[in-house]
Amino acid sequence: MSFAKFTARSLLSAIFITGGLGEFKKADQLSGVVDGLLAKLPESARSQIPEVDSELLVKVNGASMLTAGSLLALGIKPRLAATVLAAQLVPVTAAGHAFWEKEGAEKQGDQIQFFKNLGLIGGLLAVALDGAK
């Protein structure tokens with residue numbers, strides 16, 4: 001393993017490690033976001049989703065980000081870890097940063113976050129497809 005790849009993976013994973021830890025610690029505060037996103041789904045889709053505690057979903061997501069981010073940073077199964085993180089980031093980006101539904105400064109903020117997440121997905125896919133061992 002080269003020092004450069006270790007450094008690159010560590011830098012890429014930092015946002016997932018800190019974000020995952022933050023989600024796990026503040027799951028009670030973030031559970032309302034999950035409820036809001038689920039409320040946006042059409043009734044036909046909502047009826048197919050079993051009732052699950054939204055706080056638990058936030059904790060599971062946070063733990064998954066923390067675990068996959070740590071594995072990526074350490075170079076343990078980096079392709080798998082990057083794939084998991086990219087897969088998690090797709091729905092978060094589409095649902096959580098829907099800038100096309102907003103106006104003004106709120107639209108601009110969500111647009112920045114949306115494209116930042118796309119950049120992260122691109123970096124994760126580069127690791128997932130290349131191996132970056």
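Position 1 is the first residue of the sequence, and the numbers go up from there.
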A.B. asks: Determine which pairs satisfy salt bridge (charged side-chain N to carboxylate O under 4.0 Å, His left out) with at least one residue from residues 37-46, sequence neighbours left out, and list them in order.
C.D. replies: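 Applying salt bridge (charged side-chain N to carboxylate O under 4.0 Å, His left out) to every pair that reaches into residues 37-46, excluding sequence neighbours, yields Lys40-Glu101, Glu43-Arg46.
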A.B. asks: Which residues end up grouped with Val84 if you chain together Ile, Leu, Val, Met, Phe, Trp and Tyr wherever their side-chain heavy atoms are less than 4.5 Å apart?
C.D. replies: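 So far as hydrophobic clustering goes, Val84 is joined with Leu80.
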A.B. asks: List the atom of Thr18, the atom of Ile15, and the distance in Å for their closest heavy-atom pair.
C.D. replies: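 Where Thr18 meets Ile15 most closely, the heavy atoms are OG1-O, 3.4 Å.
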A.B. asks: May I ask you to check whether over 12 heavy atoms, not counting those of Lys102, lie within 6.0 Å of atom NZ?
C.D. replies: yes
A.B. asks: What is the minimum heavy-atom distance between Gly20 and Met65, and which atoms define it?
C.D. replies: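 So the two residues come closest at N-CE, 3.3 Å.
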A.B. asks: Can you give the donor-acceptor pairs under 3.5 Å from side chains of residues 121-128 to other protein atoms, not counting sequence neighbours?
C.D. replies:
none

A.B. asks: Any link between Ile112 and Val92 through a network of hydrophobic side chains (Ile, Leu, Val, Met, Phe, Trp, Tyr) touching at under 4.5 Å?
C.D. replies: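 Unlinked, Ile112 and Val92 end up in two clusters.
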A.B. asks: Grab the two heavy atoms, one from Arg79 and one from Leu129, that are nearest each other, plus how far apart they are.
C.D. replies: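 Result for this residue pair: NH2-O, 3.7 Å.
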A.B. asks: Which pairs count as side chain to side chain donor-acceptor pair (under 3.5 Å) when at least one residue sits in residues 26-37, sequence neighbours excluded?
C.D. replies: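 Matches after skipping sequence neighbours: Asp35-Ser54.
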A.B. asks: Just to verify, what does Lys116 make a side-chain hydrogen bond (donor to acceptor under 3.5 Å, both in side chains) with, not counting sequence neighbours?
C.D. replies: Gln113
A.B. asks: Which ILVMFWY residues are connected to Leu38, directly or by a chain of links, through side-chain heavy atoms under 4.5 Å apart?
C.D. replies: Leu30, Val34, Leu41, Ile49, Val52, Leu57, Val58
A.B. asks: For the CG atom of Leu11 and the CZ atom of Phe6, what is their distance to the nearest 0.5 Å?
C.D. replies: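 Result: 9.5 Å between the selected atoms.
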A.B. asks: Among residues at least two apart in sequence or on other chains, which ones pass side-chain hydrogen bond (donor to acceptor under 3.5 Å, both in side chains) with Lys107?
C.D. replies: none
A.B. asks: Return the set of residues passing side-chain contact (heavy atoms from CB on, under 4.5 Å) with Phe114 (not counting sequence neighbours), or none when no residue passes.
C.D. replies: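 Phe114 satisfies side-chain contact (heavy atoms from CB on, under 4.5 Å) with Thr93, His97, Phe99, Trp100, Leu118 only.
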A.B. asks: How many angstroms lie between atom OG of Ser64 and atom CZ of Phe24, to the nearest 0.5 angstrom?
C.D. replies: 12.0 Å
A.B. asks: Identify all side-chain donor-acceptor contacts of residues 69-76 below 3.5 Å with residues at least two apart in sequence or on another chain.
C.D. replies:
{"residue": "Ser70", "atom": "OG", "partner": "Leu66", "partner atom": "O", "Å": "2.8"}

A.B. asks: Taking only residues two or more places apart in sequence, or in another chain, which ones meet Pro42 in a side-chain contact (heavy atoms from CB on, under 4.5 Å)?
C.D. replies: Ser44, Ala45
A.B. asks: Apart from Val33 itself, what residues make up its hydrophobic cluster when side-chain heavy atoms of I, L, V, M, F, W and Y under 4.5 Å apart count as a link, directly or indirectly?
C.D. replies: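 Answer for Val33: Leu37.
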